[in-house]
Each structure stands twice: as structure tokens, then as C-alpha cells.
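Submitted below is the structure of interest, expressed as C-alpha cells.
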Amino acid sequence: MRLALQNRSLDIANVDKLTYAGNLENLTEVAGNPRYRFFKTDICDLEGLGRVFDEVKPDAVVHFAAESHVDRSIFAPQPVFETNLRGTFNLLETMRAKRIARFIHVSTDEV
């Protein structure tokens with residue numbers, strides 16, 4: 001995020017549910033940047049995503065798989081399925097509905 005905001009032509013909207021792996025303290029350095037916005041939203045919430053996209057009007061989406069701890073995926077696969085598969089599907093469906101063509105997916109082996 002910090003590196004991306006060095007590019008003066010980019011605005012960043014960060015969507016995160018803030019589960020066990022999310023920590024807003026990691027974003028303190030960029031929180032005051034006028035080109036950065038944070039939305040506490042679950043990507044499994046299709047309507048919530050739609051509201052974020054309507055407000056931000058993104059040109060592209062960069063998606064990092066949200067449930068990325070292998071041990072957790074073995075012992076509790078449902079959250080991994082919901083977030084990584086349904087959440088990714090919701091992102092793609094929202095992009096399709098809003099006619100956003102650029103998608104970068106950074107993932108782990110679970111996805």
C-alpha cells in the first residue's frame with residue numbers, strides 16, 4: 001500500500017473484513033493519506049461490495065486471498081471456502097456488473 005501510494009496517479013480503496021489476520025495498526029502510516037480509503041466490508045457481502053464500488057468507482061481490482069493460513073484451512077475449511085471462493089466470485093461478479101475489466105489476483109495454494 002505504501003509503495004502504491006508513492007505513485008501520485010493512484011488512489012487506493014482497501015476493503016477488509018478485519019478477521020484474525022487483519023490489523024489496522026499496519027495501515028497507520030497511510031491512514032491519513034487523502035488518496036487512501038479503508039472500508040470494513042466482507043467480500044462475501046455482495047451488496048456491501050456494490051456500495052463500495054459505487055462510491056469508489058475503481059478502474060481495477062487487486063485481490064489478495066483473505067484466508068491464507070494453511071493450517072487453518074485444514075482444520076476449518078468452511079471460512080476458507082467462503083472467503084476465498086465465494087468472496088472472489090463476488091468480486092468478479094461486482095466487477096462484471098460495474099464493467100471493470102482489470103483484475104489482479106494474488107493468492108496462496110488454498111485458492
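Note that these values count all heavy atoms, side chains included, but never hydrogens, waters or copies made by symmetry. Everything numeric in this text was worked out from a predicted model, so none of it was measured.
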Heavy atoms of Leu91 and Val61 approach each other most closely as CD2-CG1, 4.5 Å
Donor-acceptor check, side chain of Lys98 to backbone of Met95, threshold 3.5 angstrom: yes or no?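 Judged by distance alone, no pair lies under 3.5 Å.
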Which residue, Val30, Leu18, Val15, Ile12, forms the side-chain contact (heavy atoms from CB on, under 4.5 Å) with Phe38?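 Going through Val30, Leu18, Val15, Ile12 one by one, the side-chain contact (heavy atoms from CB on, under 4.5 Å) with Phe38 is satisfied by Leu18 alone.
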Hey, mind stepping through Tyr36 and Leu27 against side chain to side chain contact (heavy atoms under 4.5 Å, CB included) and telling me if it holds? CA-CA 10 Å; Tyr36 171 80; Leu27 302 169; 3.2 Å; yes
Between Thr83 and Ile43, which heavy-atom pair has the shortest distance, and what is it?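 Looking at all heavy atoms of both residues, the shortest contact is O-CD1, 3.6 Å.
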For Gly48 and Thr41, work out which heavy atoms get closest and say how close.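 Heavy-atom minimum between the residues: C-CG2, 3.9 Å.
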Nearest 0.5 Å, please: how far is OG1 in Thr88 from CD in Glu82?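 OG1 of Thr88 is found 11.5 Å from CD of Glu82.
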CG-CZ distance between Asp42 and Arg86, expressed to the nearest 0.5 angstrom: 10.5 Å
Is Phe39 close to Asp16 at the side-chain level, that is, under 4.5 Å between some pair of heavy atoms?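 Of all side-chain heavy-atom pairs linking Phe39 with Asp16, none is under 4.5 Å.
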Just verifying a value: how many Å separate Glu47 CD and Asp54 CG, rounded to the nearest 0.5 Å? 11.5 Å
In this structure, would Phe89 and Val80 fall into the same cluster of hydrophobic residues linked by side-chain contacts under 4.5 Å? no
So, Thr28 side chain and Glu25 main chain: donor-acceptor pair closer than 3.5 Å or not?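 Yes; at least one donor-acceptor contact below 3.5 Å.
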Check whether any side-chain heavy atom of Asp59 sits under 4.5 Å from a side-chain heavy atom of Ile100, and report yes or no.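 No, every pair of side-chain atoms sits at 4.5 Å or beyond.
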Evaluation steps, salt bridge (charged side-chain N to carboxylate O under 4.0 Å, His left out), between Asp45 and Lys17: CA-CA 10 Å; Asp45 175 6; Lys17 183 180 175 182; over 6 Å; no
Ala4 and Leu10 have their tightest heavy-atom pair at O-CD1, 3.6 Å
In terms of heavy-atom contacts, does CZ of Phe103 have more than 12 from other residues, nucleotides or ligands at under 6.0 Å? yes
Please report the closest heavy-atom contact between Cys44 and Gly87, naming both atoms and the distance. SG-N, 4.0 Å
